[in-house]
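Keep in mind the model is a prediction, meaning the values are calculated, not measured. For this chain, numbers begin at 1 and follow the sequence in order. Read the numbers this way: they start at 1 and go in the same order the structure lists the ligands and their atoms.
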Amino acid sequence: MKIVVIGSGSWGTALAQTLADNNQDVLLYGVDQNEIENINEHHRNEKYFKGVDLNPDLKATNDIHCVKDADMIVLAVPTIAIEPICKQIDPLLEKKAIIVNVSKGFQPGTNERMSEVIRRTISKDHLSSVVSLIGPSHAEEVVLRQLTSIDAISLKEEDAKAVQELFSNHYMRIYTGNDEIGSELGAAIKNVMAIASGILAGLGYGDNTRAALITRGLQEMIRYGTHFGGKPQTFIGLTGIGDLIVTCSSVHSRNFQAGYQIGKENTVENFLKNNKKTVEGVRTAKIVHDVAKENGIDMPICEEVYQILYEGKKPEHCANDLMIRKLKAEF
Ligand SMILES: NC(=O)C1=CN([C@@H]2O[C@H](COP(=O)(O)OP(=O)(O)OC[C@H]3O[C@@H](n4cnc5c(N)ncnc54)[C@H](OP(=O)(O)O)[C@@H]3O)[C@@H](O)[C@H]2O)C=CC1
Ligand SMILES: O=C(CO)COP(=O)(O)O
């Protein structure tokens, strides 16, 4: 199988290295010439992984035509770049490929999930199926070959199995599944919860607060996800509680880091002015807020994150407002 990974950022590099570790025929495509040279000549991606030696078999290119005869294309770019990338590669493809989505979020404007964007933009003649490879996985740990388990989710079982076989090894264990809606919604919404978790940590709250946030955040993910057809069971799996735990409690998480800064400064102002990192939860918070309102889904934590990010509400007031809501039964 010829595999191309598009996006030489943190996740694309880590995933491409996993495939290189598995002796697969993999090529990493990126737009930054310095990054490509860094990988090809020094086996490093210093911008994302300072001092980490990559597998020397990993090769990179900035020629997008490399996708033309690929059997599998992994899209490792932020959600905002998925539609333009698909439109760029579709005319270049000469045969059907499995398109692997690893992004977590929604399409701005249409609110589509990433699998839906890919199916809309890649013509039927070029698409075997979409597989979402998602779950609890910080690139910083995968690149160091720390033990990691994630899901290959697809409506086409044989393609999910193909992805499972290609990526699995002694440090990466892939499970398969077919609940595309529940998995993609869980993996997207957990980024909003990670921002909330960071905010609470920045405000000075500790372990009790984080446990409450994760537990009640999961309830919101289940409420939202099942409303749109996701299976309840999916949310106690790797793309639900698994991804929620890893991002809400890790210093690697850019969503958590963003929240931490906002909580520490008790304002969103500096973060919005200066942030250059991929923090998917910011756009997701607005989409989830708007869609939940339209559909009458109760999402109190997401609502407060939206208020902080988009309405300038003070983080300390949000934490307080969540606590003094009308008391009720847990379930
Ligand atoms: N990092 C992680 O641990 C994980 C990330 N994810 C998800 O993966 C997705 C990608 O994130 P991640 O790799 O972390 O982000 P990064 O910011 O680390 O890297 C994104 C990469 O995409 C490139 N890129 C952006 N737009 C384009 C484009 N139009 N064409 C080609 N390349 C482009 C960027 O290039 P440049 O910088 O030159 O603009 C950069 O190299 C996100 O949705 C994230 O939620 C999922 C699981 C784990
Ligand atoms: O999705 C991730 C880990 O599973 C990465 O999280 P961040 O985007 O917050 O860094």
Side-chain angles (χ1 to χ4, degrees), residues 4-18 28-36 38-39 45-49 60-64 66-67 73-89 100-108 113-115 117-118 121 132-144 146 148-151 167 172 183-184 186-198 238-261 275-285:
V4 173
V5 177
I6 296 187
S8 55
S10 44
W11 199 209
T13 303
L15 286 171
Q17 175 176 256
T18 303
L28 178 59
Y29 164 81
V31 282
D32 184 329
Q33 185 55 31
N34 290 332
E35 242 164 69
I36 303 306
N38 199 214
I39 293 168
N45 190 341
E46 291 287 352
K47 181 173 171 192
Y48 296 97
F49 306 115
T61 178
N62 63 359
D63 181 4
I64 191 65
C66 65
V67 295
I73 300 168
V74 181
L75 304 179
V77 294
T79 48
I80 191 121
I82 293 286
E83 184 181 44
I85 277 285
C86 287
K87 288 185 172 166
Q88 186 185 0
I89 63 171
V100 179
N101 161 59
V102 301
S103 300
K104 296 171 177 174
F106 300 99
Q107 172 70 16
R113 290 177 290 102
M114 289 301 106
S115 290
V117 176
I118 294 166
T121 48
S132 273
L133 184 61
I134 45 182
S137 49
H138 286 303
E140 294 82 354
E141 294 189 359
V142 171
V143 85
L144 296 177
Q146 299 240 348
T148 301
S149 262
I150 56 177
D151 282 340
F167 281 88
M172 176 68 80
S183 300
E184 291 184 10
I189 299 172
K190 65 85 193 173
N191 282 333
V192 183
M193 300 305 167
I195 294 178
S197 183
L238 291 165
T239 60
I241 185 74
D243 216 350
L244 185 62
I245 291 171
V246 89
T247 15
C248 284
S249 27
S250 167
V251 286
H252 292 311
S253 164
R254 293 154 301 181
N255 287 282
F256 181 91
Q257 289 165 6
Y260 189 83
Q261 181 190 346
N275 178 57
K276 292 194 171 52
K277 287 188 177 171
T278 301
V279 183
E280 295 280 20
V282 173
R283 268 191 299 273
T284 301

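Among protein heavy atoms, atom 8 (O) of ligand 2 sits closest to Arg254 NH2, 2.9 Å. Among all protein heavy atoms, the one lying closest to atom 9 (C) of ligand 1 is Val77 O, 3.6 Å. Given atom 7 (C) of ligand 1, the protein heavy atom at minimum distance is Val102 O, 3.4 Å. Nearest protein heavy-atom neighbour of atom 42 (C) of ligand 1: Glu280 OE2, 3.3 Å. Nearest protein heavy-atom contact of atom 6 (O) of ligand 2 is Thr247 CG2, 3.2 Å. Counting protein heavy atoms only, atom 48 (C) of ligand 1 is closest to Ser137 O, 3.0 Å. Scanning the protein heavy atoms around atom 4 (O) of ligand 2, the nearest turns out to be Asp243 OD1, 2.7 Å.
Considering all non-hydrogen atoms of both residues, His252 and Gln257 come closest at O-NE2, 3.6 Å.
Of the heavy atoms in Lys47, only side-chain atoms (C-beta onward) come closer than 4.0 Å to ligand 1. The side chain of Ala81, and not its backbone, has at least one atom closer than 4.0 Å to an atom of ligand 1 (non-hydrogen atoms only; side chain from C-beta on). Heavy atoms of Val31 found under 4.0 angstrom from ligand 1 belong exclusively to the side chain. At a heavy-atom cutoff of 4.0 Å, ligand 1 is contacted by the side chain of Ile85 but not by its backbone. At a 4.0 Å heavy-atom cut-off, ligand 2 touches Asn255 through backbone and side chain alike. Under 4.0 Å from ligand 1, the heavy atoms of Arg254 that appear belong solely to its side chain. Neither the backbone nor the side chain of Val279 has any atom closer than 4.0 Å to an atom of ligand 2 (non-hydrogen atoms only).
Close N/O approach between Lys104 and ligand 1 is found [any backbone or side-chain N/O within under 3.5 Å]. Residue Trp11 places at least one N or O, backbone or side chain, under 3.5 Å from an N or O of ligand 1. Residue contacts with ligand 1: Asp32 is placed with no nitrogen or oxygen under 3.5 Å of a nitrogen or oxygen of the ligand (distance criterion only). The N/O atoms of Thr278, backbone and side chain alike, include one that comes under 3.5 Å of an N/O atom in ligand 1. No N or O atom of Ile6 sits closer than 3.5 Å to an N or O atom of ligand 1. Every N/O-N/O distance between Glu140 and ligand 1 stays at or above 3.5 Å.
Proximity to Lys190 (heavy-atom distance under 4.0 Å) selects the following atoms of ligand 2: 1 (O), 2 (C), 6 (O). Listed by atom number, the atoms of ligand 1 under 4.0 Å from Tyr48 heavy atoms are 18 (O), 19 (O), 37 (O), 40 (C), 41 (O). The contact set between ligand 1 and Ala139, taken as ligand atoms under 4.0 Å from a residue heavy atom, comprises 1 (N), 2 (C), 3 (O). For ligand 1, the atoms lying closer than 4.0 Å to a non-hydrogen atom of His138 are 3 (O). Every atom of ligand 2 is numbered from 1 in the order shown, and the set under 4.0 Å from a heavy atom of Gly135 is 4 (O). Counting atoms of ligand 2 from 1 in the listed order, those under 4.0 Å from a heavy atom of Pro136 are 4 (O). Close approach to Lys104 involves these atoms of ligand 2, each under 4.0 Å from a residue heavy atom: 1 (O), 2 (C), 3 (C), 4 (O). The contact set between ligand 2 and Val246, taken as ligand atoms under 4.0 Å from a residue heavy atom, comprises 4 (O).
Proximity of Trp11 to Val143: side-chain heavy atoms (C-beta onward) are nowhere separated by under 4.5 Å. Two residues are said to be in side-chain contact when any heavy atoms from C-beta on lie closer than 4.5 Å; Phe256 and Ser250 fail this criterion. Residues Met193 and Ile189 are in side-chain contact: their nearest non-hydrogen atoms beyond the backbone lie under 4.5 Å apart. With contacts defined as side-chain heavy-atom distances shorter than 4.5 Å, the pair Lys190/Lys104 qualifies. With a 4.5 Å cut-off on side-chain heavy atoms, Asp151 and Leu133 do not count as touching.
A donor and an acceptor atom, one from each side chain of Gln33 and Asn62, are located under 3.5 Å apart. Counting only N and O atoms by type, the side chains of Ser103 and Glu280 include no donor and acceptor under 3.5 Å apart. Side-chain polar atoms of Asn255 and Thr247 form no donor-acceptor pair below 3.5 angstrom.
A distance of 7.0 Å separates CD1 in Ile36 from CG in Asp32, rounded to the nearest 0.5 Å. Distance check: Asn45 CG to Asn38 CG gives 6.0 Å after rounding to the nearest 0.5 Å. To the nearest 0.5 Å, atom OH of residue Tyr48 and atom CD of residue Glu140 are 11.0 Å apart. Taking CD from Gln107 and OG1 from Thr79, the interatomic distance works out to 7.5 Å, rounded to the nearest 0.5 Å.
Within the 4.0 Å cut-off (strictly below), a protein heavy atom is located near atom 17 (O) of ligand 1. Remark: atom 2 (C) of ligand 1 lies closer than 4.0 Å to at least one protein heavy atom.
Between the choices Ser103, Pro78, Gly9, the shortest heavy-atom distance to atom 22 (O) of ligand 1 belongs to Pro78.
No donor-acceptor pair under 3.5 Å is formed between the side chain of Ser253 and the backbone N or O of Val251. The main-chain N or O of Gln146 is found under 3.5 Å from a side-chain atom of Thr148 such that the two form a donor-acceptor pair. In this structure, Ser249 contributes its side chain and Ile245 its backbone to a donor-acceptor pair below 3.5 Å. Side-chain atoms of Asp243 never come within 3.5 Å of backbone atoms of Ile134 as a donor-acceptor pair (strictly under, hydrogens ignored). Between the side chain of Thr61 and the backbone N or O of Asp63 there is at least one donor-acceptor pair closer than 3.5 Å.
Assignment of Glu280 to the shell around ligand 2 is not supported, since no heavy atom sits closer than 4.0 Å. Not a single heavy atom of Pro84 sits less than 4.0 Å from an atom of ligand 1.
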### Task
Would you sort out whether Asn101 and Ser132 count as a side chain to side chain donor-acceptor pair (under 3.5 Å), showing the intermediate values?
CA-CA 5 Å; Asn101 161 59; Ser132 273; 2.8 Å; yes
